[in-house]
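Take a look at the structure below.
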Amino acid sequence: MKSGLLWTGDRELDGGWVLARDGMIDQVGSGPAPSAETVIDEPNCVAMPGLVNAHDHMYQWATRAYVPDGTLFEWLRALYPVWARIDANTVRVSARAAMARLLLSGCTLTADHHYVFPRGAGGLFEALVESARELGIRFHPCRGAVSLGESKGGLPPDSVVEDEDAILAHTEEMINRFHDPKPGSMCRVVVAPCSPFSVTPELMRDSADLARKHGVRLHTHVAETLDEEVFCLREFGKRPFELMEDLGWTGDDVWFAHGIHFDDAEVDRIAESRTGIAHCPSSNMRLGAGICRVADLVRAAATVGLGVDGAASNEDSNLAFEAHQALLLARARDASPQALDARTAWRLATRGGADCLGRHDCGRLAPGKCADIACFRIDDLGHAGSADPIAALALAPPARAQSVVVNGREVVREGRLVTADEAEITRELAGVSRRLAQGPGRAPVS
Ligand SMILES: [Zn+2]
């Protein structure tokens, strides 16, 4: 792979190149490139490490633009009855759409936090894993769960809650079937109960034990809204992060989605404990959840990545756009143009996310790392002539990725998917979305 400008995550190389072998990077350099069997030559592009999506709910692609003006809790209450009717086909079609959009935005490694398993609907987790294999994206599926139904004081309706022993047994089965711990792995399973307000503290504790028994990672939502803080103080007498500390849910094998409402001491404890934060700027703005203290977390040397979150609270899955959103939002929050610079924003979108996911073999372009690369055009109308192309790619909304390589394999070429038909994905998505919208339990659109 040769490019006009190569940003490795640390260095900027004019006329830089990456030589890959068997899915891993062999050499990185600039100037005359060594000969290779296949050459991808992008002289009008910036090439960088493939972007990493640290938080998502891909099934939500079938329920976009519901409750456009609701708070998180209003939005969840309206959507759960619709989500209660998803099946393996809904998940397959939605995941293909989500993964297609992610790949086309330069994302090469993604998590997916799937927590809705309606009674009687089998094969959902399998549909996610198969979709990632087909589209060729590196994948960390997170076996989520909700167990605290409305009748027990939780938020989800009783129809989508699962028995806690069944959750733990199914999670262990998915680890045994799909988790690959080897370097360069294309699939790693994560243990991920949905949030402190939708499962019991006992399930949180048992999940941490299960994950540590198998050496897999832990993920959940924490400190997304003030409503959650009120809930945790009322039910447990603790702030959300304090609760997670007590449940054994901190450490370098844990990452949280959002992490917005932290006080100063909590920001320090997040960093000290090496717990990761997946910042989801578009979703937080869309739901009016608040603004993550990204600049403070970065200053404290915390592990911070970016996530698109589910498309029901973003309406898109464009990871490069999240780097743009994160940069602008951090500057608006702190009323300072120095709050977050473009290269730091790209670092969050690459190695920050990879570190959240425990992938120290991803998110950087260097020998021995995974050959995951994203190339963005800088000769289009949006970017041509920019004085600093790397800054321009974050300051302006980025264009579609021109070329994307995952595991040494080209999966996007000239801005088009190589591994799937975008038009077919779009048609199937429209069909599945229509069916869900027309069924009983249709969410009122406020
Ligand atoms: Zn989420």
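Order of listing sets the numbers, starting from 1, for every ligand and every atom in it. Each residue takes its place number in the sequence, starting with 1.
For the atom pair CH2 of Trp7 and CG of Leu365, the computed distance is 9.0 Å after rounding to the nearest 0.5 Å. The CZ atom of Arg409 sits 12.0 Å away from the CG atom of Asp372 when rounded to the nearest 0.5 Å.
Residues His57 and His55 bring a donor and an acceptor atom of their side chains to less than 3.5 Å of each other.
For a distance threshold of 2.8 Å, the protein N, O or S atoms nearer than that to the Zn ion (ligand 1), listed by chain and number, are His55 NE2, His57 NE2, His221 NE2, Asp309 OD1.
Using a 30° and 60° split on the angle between ring planes, Tyr59 and His114 fall in the perpendicular class, above 60°.
When the side chain to side chain donor-acceptor pair (under 3.5 Å) test is applied to Arg286, the partners found at least two apart in sequence or on another chain are Glu315.
With Asp10 as the partner, the salt bridge (charged side-chain N to carboxylate O under 4.0 Å, His left out) test is satisfied by one option alone out of Arg351, Arg347, Arg364: Arg351.
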